[in-house]
> 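Shown below is the structure under consideration.
Naming convention: chains lettered A, B, ... in sequence-line order (proteins, then strands); numbering from 1 in each chain.
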Amino acid sequence: MISEYEKTRNINIQRNKELLESLGLDKPLVEPKEQKRKPSTTSKKRKSTATNDEAEEPSQPATKSQCIEIATNPDSTVRRSSRNTGKHVDYRSEIRGDQVLPLAFSSGVKISENEGPLGRDDGVRKHDPKTYGSIPGVEVGTWWETRKGCSIDAIHAPWVGGISGGRQGAYSVALSGGYDDDVDLGYAFTYTGSGGRDLKGTKAAPKNLRTAPQSSDQTFENPFNQMLKRSSETKKPVRVIRGFKLKSPYAPSEGYRYDGLYHVEKAWTEKGLNPKGYLVCKFAFKRLPNQPSLPVREVSQSDETTE
DNA sequence: GGGCCCGCAGGG
DNA sequence: CCCTGCGGGCCC
C-alpha cells in the first residue's frame, strides 16, 4: 500500500527530473573521471590561493589534482560523528584497534582531505562569506562536522538557514534534505525555497522552532527566494554544501561537505510535497565545469518504507 | 527513536 | 531592534 505522501512524492520527483532533463541537466557537462585515491605519504600541504578581493569575479574552483595531492594525515583523519557527540567514543583507538573506519572515509565520500574548521580555532572568520564564488584556501570537498564549521570557514554563513545571499543573488545554499521531493543528480539538482513554515507554533503551544512543517505558500517575496531568483538572472556562482541528512547518493554520510560552485538555471513555483499542497519556490541548479568530481556513496540508500 | 528548546548569524 | 531559518543538544 503506497501512502498518499509517497504517491505525491513520486509524482513530484518525476516532474522535477523531467524539468532537469528539459534543461539539459540530465547529463554532466564533463563525464566524471574515475576517482583514484593514491595512498600518498607526503606531508600535508594546504595550498592557499591568495586571491582574495574580487567579490565580483567568480574565482577559480580548485583543480582535481590539487585535492588529490593532499596527503592523508593519519591523525587528522580521525572523524567524529555529530551523532556520537557526548558519547565519549575514543575514535582513535577505535580505528587503530579494530580497523573500523568511519563510513565517510571508508566509502570515499570525501574528495579533499581538508577538514574544517580550517585555520583559526577561535571561531573568527578569515574570509567574508558575503562573496560570490569560492573561498580562498577552502577546497572543493572540504568536510565539517557541523554547520558551525561551514560558517567559520565562510562557505555558508547561517547556522540553520539553507540560503545565504545578497542583492546580486545567493552566496551559498545548504542541501540537507529539508524537502523530500527535491531531486539530486549531483551535477544538477532541484532546491526548494524558504518560508511558508509556522516556526512559532500556536499561542497555546509556542514551540519556538527553527524548522517546521509547511503551513502556507512560499513566494518570491521571501528575501531568500528572491536571492535565488536573482541568481538565475545574474548567473553568479553559488557555493553548495551537502549535509548528511540529504537523501541522495551524493550526500556525505556524516557532517557537511563543500561541493563547489553551481549556477541557478531556473526559478519557478509548484505544488509542494505537503498535505495541503501549498506552493513552494523551486530552483534548478547546475554544477560549473572544471571542478573535482563528486564522490558517490557506495551503499545505495534503500530507505524506502516498502511495507 | 521523537519532542522540546536553545544560541546564533543574517537580513529587514 | 525585530524576526527568521534544510541545527543541534538534551531529555525522555
Side-chain angles (χ1 to χ4, degrees), chain A residues 9 12 16 80-89 116-117 122-132 144-184 189-202 204-216 218-231 238-248 250-252 254-259 262 272-274 278 280-283 285 303 305:
Chain A
R9 190 182 68 155
N12 288 8
N16 286 323
R80 298 200 309 131
S81 162
S82 57
R83 293 169 189 162
N84 287 338
T85 308
K87 286 186 191 164
H88 301 98
V89 178
D122 57 4
V124 179
R125 290 199 183 104
K126 290 161 69 182
H127 300 284
D128 185 5
K130 295 178 185 178
T131 57
Y132 295 99
W144 299 268
E145 182 188 351
T146 65
R147 287 279 296 268
K148 182 183 176 186
C150 306
S151 185
I152 292 172
D153 287 337
I155 287 293
H156 185 67
W159 288 29
V160 177
I163 305 166
S164 172
R167 288 200 83 77
Q168 299 186 79
Y171 307 122
S172 55
V173 297
L175 277 67
S176 202
Y179 294 84
D180 257 355
D181 55 349
D182 276 324
V183 174
D184 184 15
F189 60 85
T190 63
Y191 192 83
T192 304
S194 286
R197 301 185 187 213
D198 186 8
L199 299 173
K200 292 199 180 95
T202 62
K207 308 270 185 179
N208 191 19
L209 298 169
R210 296 297 176 270
T211 62
Q214 219 65 32
S215 57
S216 60
Q218 291 184 359
T219 71
F220 289 113
E221 303 292 304
N222 179 294
F224 298 111
N225 299 338
Q226 201 167 44
M227 291 167 193
L228 282 178
K229 193 174 184 185
R230 274 294 283 161
S231 292
V238 181
R239 294 185 297 272
V240 168
I241 61 171
R242 282 185 173 83
F244 66 96
K245 282 188 272 187
L246 178 66
K247 287 171 186 166
S248 155
Y250 301 96
E254 300 288 343
Y256 298 86
R257 186 188 64 217
Y258 172 50
D259 280 345
Y262 287 69
L273 181 59
N274 52 70
Y278 293 116
V280 293
C281 297
K282 284 280 185 178
F283 306 91
F285 283 68
D303 58 333
T305 50

> Side chain to side chain donor-acceptor pair (under 3.5 Å) with A:Thr192: which residues, sequence neighbours excluded?
A:Asp182, A:Lys282
> Is the base of C:dT4 stacked against the aromatic ring of A:Phe224, taking ring centres under 5.5 Å apart and planes under 30° as the test?
no
> Quick one: sort the A:Tyr171 and A:Tyr132 rings into parallel, tilted or perpendicular, breaks at 30° and 60°.
tilted
> Among residues at least two apart in sequence or on other chains, which ones pass salt bridge (charged side-chain N to carboxylate O under 4.0 Å, His left out) with A:Arg230?
A:Glu233
> Would you indicate, yes or no, if B:dA9 has its OP1 or OP2 atom less than 4.0 angstrom from a side-chain nitrogen or oxygen of A:Lys148?
no
> State which residues pass side chain to side chain contact (heavy atoms under 4.5 Å, CB included) with A:Ser194; sequence neighbours excluded, sorted by chain then number.
A:Ile163, A:Asn222, A:Phe224, A:Asn225
> Look at the side-chain N and O atoms of A:Thr211 and state whether any lies under 4.0 Å from the OP1 or OP2 oxygen of C:dG7.
no
> In chain order, what residues pass the salt bridge (charged side-chain N to carboxylate O under 4.0 Å, His left out) check against A:Asp128, with sequence neighbours excluded?
none
> Nearest whole angstrom, please: distance from the C1' of C:dG7 to the CD of A:Glu145.
12 Å
> Within the structure shown, what part of the strands sits under 4.0 Å from A:Gly165 by heavy-atom distance: base, sugar-phosphate, or nothing?
sugar-phosphate
> Grab the CE-P distance between A:Met227 and C:dC6 for me, whole Å please.
12 Å
> Report yes if the distance between the aromatic ring centroids of A:Phe285 and A:Phe189 is under 6.0 Å, otherwise no.
yes
> Separation of A:Ile155 atom CD1 from C:dC6 atom C1', in whole Å?
18 Å
> Just how far, in rounded Å, is C1' of C:dC6 from CD of A:Gln214?
11 Å
> I need the CG-P distance between A:Leu209 and B:dC4, as an integer number of Å.
8 Å
> Distance check needed: B:dG12 P versus A:Glu221 CD, whole Å only.
13 Å
> Could you state the CZ-P distance from A:Phe244 to C:dG7, rounded to the nearest angstrom?
8 Å
> Do the side chains of A:Ile155 and A:Trp144 get nearer than 4.5 Å, heavy atoms only?
yes
> Please tell me which of the listed nucleotides, C:dC6, B:dG11, B:dG10, lies nearest to the side chain of A:Ala157?
B:dG10
> Could you state the CH2-P distance from A:Trp159 to B:dC5, rounded to the nearest angstrom?
21 Å
> Under 4.0 Å: is that the gap between some side-chain N or O of A:Ser151 and OP1 or OP2 of B:dC8?
no
> Side chain of A:Lys245: nearest nucleotide among C:dC6, C:dG7, B:dA9?
C:dG7
> May I ask you to say what A:Gly162 touches in the nucleic acid, namely base, sugar-phosphate or nothing, with a heavy-atom cut-off under 4.0 Å?
sugar-phosphate
> For A:Gly243, which contact category applies under a 4.0 Å heavy-atom criterion: base, sugar-phosphate, or nothing?
nothing
> For A:Pro158, answer base if it contacts any base atom (sugar-phosphate contacts may also be present), sugar-phosphate if it contacts only those atoms, and nothing otherwise; contact means non-hydrogen atoms under 4.0 Å.
nothing
> Looking at A:Arg147, does any N or O in its side chain come under 4.0 Å of the phosphate oxygens OP1/OP2 on B:dG10?
no
> Determine the stems involving DNA chain C; a stem requires 3 or more consecutive pairs of the Watson-Crick or G-U wobble kind, each with both distances below 3.5 Å, and the answer is none if no such run exists.
B:1-6 with C:7-12, B:8-12 with C:1-5
> Quick one: list whatever passes salt bridge (charged side-chain N to carboxylate O under 4.0 Å, His left out) with A:Arg242, sequence neighbours left out.
A:Asp184, A:Asp259
> Would you mind telling me which residue lines up with the more 5' stretch of DNA chain C, A:Asn222 or A:Tyr256, judged by nearest nucleotide?
A:Asn222
